[in-house]
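Numbers here are sequence positions counted from 1. Here the structure is a predicted model, which is why all the values come from computation and not from measurement.
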Amino acid sequence: MLIRSAVRSWDVLKVELTMPPNDQNPFVSVLARQQAFNRRTRDNVEEFAPHRRRVTAEIVKAAGLADGCVAVLGAGNANDLDLPVLAHAFKEVHLADLDLEALEEVAGRYPDLDGVVRRHGGVDLSGVAARLDRLSETPQDDEIDELVAAAASVRLPDVGFAYGVVASTCLLTQLMNSAVAAVGEGHPRLIEVLEAIRTGHLRLLADLTAAGGTALLFTDVASSDDVPEIATAPESVLPALVARLSLEKRFFLGVDPNQLEKQLRGDPYIAPRVTSVRRLGFWRWRISKARTFLVYAVAFQC
Ligand SMILES: C[S@@+](CC[C@H](N)C(=O)[O-])C[C@H]1O[C@@H](n2cnc3c(N)ncnc32)[C@H](O)[C@@H]1O
């Protein structure tokens with residue numbers, strides 16, 4: 001089924017919740033799902049190595065000669081970041097994530113980087129996590145209307161702004177998966193919700209980036225669960241595989257690279273703030289022994 005391709009199977013975790021959302025824990029089930037994911041992948045440092053090198057290299061390239069600050073959205077376990085390299089390239093490295101526990105664990109691994117690496121834990125970068133936790137089991141039209149409006153115009157989270165470089169590291173599909181879990185895979189308006197989340201995320205990247213700075217979006221777009229060749233194809237065949245997936249429209253729903261770039265160039269809020277959009281390419285991200293993602297990256301200059 002079409003919608004299923006939006007859902008990365010490792011995310012559909014059955015999380016046992018001990019309490020409903022409340023004022024102290026407004027997005028308890030969204031957080032519990034992300035924490036479960038981060039705990040499961042925390043030790044997969046070796047598997048992440050080639051992906052980590054590529055992500056880090058693209059962020060460092062974007063730093064240019066400026067001695068600026070970088071914000072990484074969805075930093076989690078930071079297994080996709082070479083933090084010592086980033087700390088060398090930037091004056092400050094800001095890591096933002098919903099999962100405070102994961103960021104604290106990262107800080108424990110790099111005590112020497114304490115002055116350079118700043119953590120923003122417990123921050124909802126979707127702007128709708130609490131709303132997702134409060135949705136009824138079968139959300140009605142008025143709930144979906146409100147969700148779509150809120151998702152498309154994320155309020156600036158408390159993570160600072162005007163960064164020279166802002167990088168979203170495979171966060172977008174996680175934001176979407178939280179929505180899939182709450183709205184329901186079979187809901188007739190799910191696609192609208194996912195598109196609103198994409199819009200909100202791209203706008204947030206533009207808002208956090210300084211004039212003259214660079215926003216980088218890294219996102220997984222397909223999985224070896226659905227397309228086994230993603231894990232097995234020789235490197236030389238990867239471009240042809242990407243072309244075939246694009247032609248057959250087999251990317252995860254809502255993150256088709258052509259749609260993303262079209263939106264960056266045409267969205268009435270983003271386009272006037274963006275001076276150039278550059279596709280950085282596709283590569284593999286081996287997340288565990290059993291699963292590999294195809295990752296796509298795009299850079300836009302603000
Ligand atoms: C796939 S992981 C990215 C990989 C991560 N950079 C690493 O190396 O472990 C996505 C991250 O997004 C975070 N996340 C998911 N939903 C979020 C939200 N609403 N706000 C902020 N962070 C969120 C998760 O906690 C997770 O750490």
Item to check | Pair Asp141 + Arg189, salt bridge at N-O below 4.0 Å | outcome: yes
Checklist outcome for this item: Taken to the nearest 0.5 Å, the spacing of Ser178 OG from Asp133 CG works out to 9.0 Å
Item to check | Donor-acceptor pair, side chain of Glu185 and main chain of Val180, under 3.5 angstrom | outcome: no
Item to check | Side-chain ion pair, Asp256 and Lys249, N-O less than 4.0 Å | outcome: no
Checklist outcome for this item: What one should report as the nearest heavy-atom pair of Thr209 and Ala215 is OG1-CB, 3.6 Å
Next on the checklist: Tell me whether the rings of Phe282 and Phe251 are parallel (<30°), tilted (30 to 60°) or perpendicular (>60°).
Outcome noted: parallel
Checklist entry - Should the heavy atoms of other residues, nucleotides or ligands under 6.0 Å from CG of Asp142 be counted, would the total exceed 12? => result yes
Checklist entry - Just wondering, more than 12 heavy atoms not from Arg155 lying within 6.0 Å of its CZ? => result no
Next on the checklist: Salt bridge or not between Arg284 and Glu235? Use side-chain N to carboxylate O under 4.0 Å.
Outcome noted: yes
Checklist entry - Closest heavy-atom contact between Val277 and Arg265? => result O-NH2, 3.3 Å
Checklist entry - Side chains of Thr275 and Gln301: donor-acceptor distance under 3.5 Å anywhere? => result no
Checklist entry - Are side-chain heavy atoms of Phe300 and Thr214 found at a separation under 4.5 Å? => result no
Checklist entry - Going from CG on Leu171 to CE on Met176, what distance comes out if it is rounded to the nearest 0.5 angstrom? => result 10.0 Å
Checklist entry - Taking side chain as C-beta onward, heavy atoms only, is Asp82 less than 4.5 Å from Arg53? => result no
Checklist entry - Has Arg278 got more than 12 heavy atoms of other residues, nucleotides or ligands less than 6.0 Å from its CZ? => result no
Item to check | Glu248 CD: over 12 foreign heavy atoms closer than 6.0 Å | outcome: yes
Checklist entry - Any side-chain heavy atom of Phe90 within less than 4.5 Å of one from Cys69? => result no
Next on the checklist: Can you confirm whether Thr292 sits close enough to Ile287 that some side-chain heavy atom of one is under 4.5 Å from a side-chain heavy atom of the other?
Outcome noted: no
Checklist entry - Would a distance-only check, ignoring hydrogens and angles, find a side-chain to backbone donor-acceptor pair under 3.5 Å from Asp124 to Val128? => result yes
Checklist entry - Can a donor-acceptor pair be found between the side chains of Asn77 and Arg109 at a distance below 3.5 Å? => result no
Checklist entry - What's the shortest heavy-atom distance between Gly76 and Leu103, and which atoms? => result O-CD2, 3.5 Å
Checklist entry - Can a cation-pi geometry be assigned to Arg273 and Tyr269, taking NZ or CZ under 6.0 Å from the six-membered ring centre and within 45° of the ring axis? => result yes
Item to check | Plane angle bin for His51 and Trp285 - parallel if under 30°, tilted between 30 and 60°, otherwise perpendicular | outcome: parallel
Checklist entry - Can any side-chain N or O of Ser224 pair as donor or acceptor with the backbone N or O of Val227 at less than 3.5 Å? => result no
Checklist entry - Sub-3.5 Å donor-acceptor pair from the side chain of Asp267 to the main-chain atoms of Gln263, do we have one? => result no
Checklist entry - Hey, mind stepping through Arg279 and Asn258 against side chain to side chain contact (heavy atoms under 4.5 Å, CB included) and telling me if it holds? => result CA-CA 10 Å; Arg279 183 177 286 203; Asn258 293 324; 3.0 Å; yes
Checklist entry - Does any non-hydrogen side-chain atom of His187 lie less than 4.5 Å from one of Val193? => result no
Item to check | Pairwise distance OG1(Thr219) to CG(Leu172) - rounded to 0.5 angstrom | outcome: 5.0 Å
Item to check | Side-chain donor/acceptor of Glu143 to backbone N/O of Gln140, under 3.5 Å | outcome: yes
Checklist entry - Under a 4.5 Å cut-off applied to non-hydrogen side-chain atoms, are Leu245 and Leu294 in contact? => result yes
Next on the checklist: Treating Asp97 as the side-chain partner and His120 as the backbone partner, does any N or O pair qualify as donor plus acceptor under 3.5 Å?
Outcome noted: no
Item to check | Residues Arg198 and Gln259: side-chain donor-acceptor under 3.5 angstrom | outcome: yes
Checklist entry - Can Glu101 and Arg39 be counted as an ion pair, charged N to O under 4.0 angstrom? => result yes
Checklist entry - Does the pair Glu47/Arg286 count as a salt bridge with the N-to-O cut at 4.0 Å? => result no
Next on the checklist: Can you give me the closest heavy-atom contact between Leu175 and Ser126, atom names plus distance?
Outcome noted: CD2-CB, 3.8 Å
Item to check | Residue pair Ile59 / Ala167: nearest heavy atoms and the distance that separates them | outcome: CD1-CB, 3.9 Å
